[in-house]
Amino acid sequence: MALSEQNREVLIKSAFEAREFSYSPYSKFRVGAAFLAADGSIVKGANIENASYGGTICAERTAIVKAVSEGKKSFAALAVVTDVASTISPCGMCRQVIREFCALDMPVLLVPSNYPKNENDGKEGYTKGGVRLTSVGELLPDSFGPEQLELPRVPQ
């Protein structure tokens with residue numbers, strides 16, 4: 001889970017920038033996500049709500065759909081930020097979509113809204129600024145991924 005300090009800061013800044021474009025008139029819960037693609041580019045996404053709640057798309061899925069639709073299918077890291085001072089993890093549906101395109105050991109930065117001045121700075125499980133560093137595999141243990149579809153079938 002190696003991520004340079006420079007890439008970390010750019011990714012976190014990008015997640016904050018993405019959050020500014022959240023369309024969340026119903027929940028009032030803004031979320032911004034930024035993926036660092038393998039080619040070094042950053043792809044940002046914000047949550048986009050809908051009056052028909054099922055039509056809502058989370059920030060993480062917005063970003064990954066943008067990236068994949070532009071031909072980017074390999075990622076090095078993800079940062080997620082909300083308006084909450086504690087770190088918030090992606091929802092289950094987002095975790096599964098992330099799992100489709102990201103390695104299990106890919107770093108995921110869960111960023112508090114008051115970054116870099118967070119009271120969790122330096123506490124166990126948190127890095128500089130109160131960021132919780134985790135991975136795709138830690139967020140979705142025992143996950144189902146594309147490689148399982150290639151396993152041999154037992155004849156009927």
Any side-chain to backbone donor/acceptor pair from [X] onto [Y]? Under 3.5 Å, distance only.
X    : Y   : result
E70  : V65 : no
S113 : V84 : yes
K44  : A15 : no
N118 : S86 : no

In Å, rounded to the nearest 0.5 Å, how long is the span from [atom1] of [X] to [atom2] of [Y]?
X    : Y    : atom1 : atom2 : result
E100 : K73  : CD    : NZ    : 10.5 Å
N7   : S14  : CG    : OG    : 10.0 Å
C94  : L140 : SG    : CG    : 11.5 Å
K72  : S41  : NZ    : OG    : 3.0 Å
Q148 : E150 : CD    : CD    : 10.0 Å
C91  : L139 : SG    : CG    : 11.0 Å

_Stepwise side chain to side chain contact (heavy atoms under 4.5 Å, CB included) test for V111 and F16_ = CA-CA 9 Å; V111 184; F16 275 100; 3.8 Å; yes

Is there a path from [X] to [Y] through hydrophobic residues (I, L, V, M, F, W, Y) whose side chains come within less than 4.5 Å of each other?
X    : Y    : result
F144 : L151 : no
V136 : F101 : yes
V97  : V68  : yes

Hey, does [Y] have a side-chain heavy atom less than 4.5 Å from the side chain of [X]?
X    : Y    : result
C58  : M93  : no
E119 : N114 : yes
M106 : L104 : no
R30  : T82  : no
K123 : N120 : yes
L36  : I42  : yes
L110 : P90  : yes
L109 : L78  : no

*asked:* Test side-chain hydrogen bond (donor to acceptor under 3.5 Å, both in side chains) on R95 and S89; report intermediate values, then the result.
replied: CA-CA 9 Å; R95 292 175 193 205; S89 182; 2.6 Å; yes

*Are E9 and K13 ion-paired here, with the side-chain N under 4.0 Å from a carboxylate O?*
no

_Electrostatic pair D83-R19, nearest N-O below 4.0 angstrom_ = yes

*Pick from V131, V81, T87: which one makes a side chain to side chain contact (heavy atoms under 4.5 Å, CB included) with Y115?*
V131

_T127-R132 side chain donor-acceptor pair, cut-off 3.5 Å_ = no

So which heavy atom on [X] is nearest to which on [Y], and how close?
X    : Y    : value
L133 : E138 : O-OE1, 4.4 Å
C102 : F75  : SG-CD1, 3.8 Å
E60  : F35  : O-CE1, 3.6 Å
N47  : S24  : ND2-CB, 3.8 Å
F29  : S22  : O-OG, 4.5 Å
A33  : A18  : O-CB, 3.7 Å

*If you draw a 6.0 Å radius around CD in Q6, do more than 12 non-hydrogen atoms from other residues or ligands fall strictly inside?*
no

